[in-house]
Amino acid sequence: MKIYQDHAWPVNLEEAIAIQERLRYQVIPSDQLKQPVQYVAGVDMGFESNGTISRAAVAVLSFPDLQVVETSLAYRPTSFPYIPGFLSFREIPAVLDALEKIKIIPDIILCDGQGIAHPRRFGIASHLGVILDMPTIGVAKSLLIGKHEQLPDTKGSWQPLIHKSETIGAVLRTRSGVKPVYVSIGHRISLNTAIDYVLSCTPKYRLPETTRIADKLASAR
DNA sequence: GCGACAG
DNA sequence: ATCTTGTCGC
């Protein structure tokens, strides 16, 4: 797919914060999806050579049958350290490289990490969504910010994730008796719809098939 | 000031 | 994220 523009990548945290504060207001928290949804994609990252090389993987699956229809990999030098709250600056450049190679344009992209469940409401899923102006969902394996009530250990149950009296996402049980995942909207989708798609993409394991396939690619030696 | 902290 | 084998439980 064609990527038309992206801002210059920051060199320090001050610049990074300025970008997050400027772009956060572009996030669209309601459903603006192409219907019907035919393809969903997962993106994930891996690192090589002591972390100096970033490896981005994209997997496009048909929906709702979740069959892999296209994949791509991209490598580039790692140019930003891992700092909680600034993950997108470390991972998105390589992800854009990998997405550029894809021919089948997905209708939704599921990201490994938070969407608006972020200190400045602009985690990696939102950042990628705004840059591409495409629907994105954040599915994180652990918590960055927010609090929530305990939730039943049955698949499909969820609780709102709250931060400063605001609902910023959902803690979702994708598999009975297994640790939940943290779902938040990235861009052009509502929280309830995001939860529905995450469950639809998670027929068997804790993580969505999109993420699992992308993860295998990103880890493949 | 102290603790928390996506991947 | 990554370094790494076996092991507990359904």
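Order of the sequence lines sets the chain letters (A, B, ...), proteins ahead of strands, with each chain counted from 1.
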Tell me which residues in residues 184-198 of chain A put a heavy atom below 4.0 Å from DNA chain B, sorted by number, or none.
none
Residues from residues 118-150 of chain A lying under 4.0 Å of DNA chain B - heavy atoms:
A:His118, A:Gly123, A:Ile124, A:Ala140, A:Lys141, A:Ser142, A:Leu143, A:Leu144
For the residue pair A:Phe89 and A:Phe80, does the interplanar ring angle fall in the parallel (under 30°), tilted (30 to 60°) or perpendicular (over 60°) class?
tilted
Using a 6.0 Å cut-off, check whether atom CG of A:Asn50 has over 12 heavy atoms from anything other than its own residue.
no
How is A:Gly46 classified with respect to the nucleic acid when contacts are heavy atoms under 4.0 Å: base, sugar-phosphate, or nothing?
sugar-phosphate
Counting any heavy atom closer than 4.0 Å, what does A:Phe86 reach on the DNA or RNA strands: base, sugar-phosphate only, or nothing?
base
Walk me through it: do A:Arg212 and A:Asp44 pass the test salt bridge (charged side-chain N to carboxylate O under 4.0 Å, His left out)?
CA-CA 9 Å; A:Arg212 298 184 70 250; A:Asp44 196 33; over 6 Å; no
So what is the 5' to 3' dot-bracket string for DNA chain C, if pairs are Watson-Crick or G-U wobble with both distances under 3.5 Å, crossing pairs use [ ] and | means the partner sits on another strand?
..........
If you draw the axis of the six-membered ring of A:Phe47, does the NZ or CZ of A:Arg90 fall within 45° of it and under 6.0 Å from the ring centre?
yes
Length of the line joining A:Asp153:CG and C:dC10:P, which is rounded to integer Å:
13 Å
In whole angstroms, how far is the P atom of C:dA1 from the CD1 atom of A:Ile53?
18 Å
Under 3.5 Å, is there a donor-acceptor pair between the [X] and [Y] side chains?
{"X": "A:Ser176", "Y": "A:Asp153", "answer": "no"}
{"X": "A:Asp196", "Y": "A:Thr193", "answer": "no"}
{"X": "A:Ser30", "Y": "A:Ser190", "answer": "no"}

With pairs taken as Watson-Crick or G-U wobble and both distances under 3.5 angstrom, which stems of at least three consecutive pairs involve DNA chain B?
none
If hydrophobic clusters are built from ILVMFWY residues whose side chains come within less than 4.5 Å, do A:Ile28 and A:Ile19 share one?
no
Which is the 5'-most and which the 3'-most nucleotide of DNA chain B that has an atom under 4.0 Å from a heavy atom of chain A?
B:dC5 to B:dG7
Are any side-chain N or O atoms of [X] and backbone N or O atoms of [Y], one a donor and one an acceptor, separated by less than 3.5 Å?
{"X": "A:Asp31", "Y": "A:Ile189", "answer": "no"}
{"X": "A:Ser54", "Y": "A:Ala94", "answer": "no"}
{"X": "A:Ser219", "Y": "A:Lys216", "answer": "no"}
{"X": "A:Thr78", "Y": "A:Gly51", "answer": "yes"}
{"X": "A:Arg206", "Y": "A:Pro180", "answer": "yes"}

Audit row: A:Tyr82, A:Leu87, side chain to side chain contact (heavy atoms under 4.5 Å, CB included) steps and yes/no:
CA-CA 6 Å; A:Tyr82 169 67; A:Leu87 181 64; 3.9 Å; yes
Stepwise ring-ring contact (aromatic ring centres under 6.0 Å, His included) test for A:His127 and A:His7
CA-CA 11 Å; A:His127 199 154; A:His7 50 73; 5.0 Å; yes
The single option from A:Ile102, A:Thr71, A:Thr210 that satisfies side-chain contact (heavy atoms from CB on, under 4.5 Å) with A:Val60 is A:Ile102
Using nucleotides 5-8 of chain C, report all nitrogen or oxygen pairs with the protein that are shorter than 3.5 Å.
none

Between A:Lys101 and A:Met1, is the side chain to side chain contact (heavy atoms under 4.5 Å, CB included) condition met? List the steps.
CA-CA 6 Å; A:Lys101 300 180 180 179; A:Met1 59 187 273; over 6 Å; no
From CA spacing to verdict: salt bridge (charged side-chain N to carboxylate O under 4.0 Å, His left out), A:Glu166, A:Arg121:
CA-CA 11 Å; A:Glu166 222 178 300; A:Arg121 306 291 182 264; 3.3 Å; yes
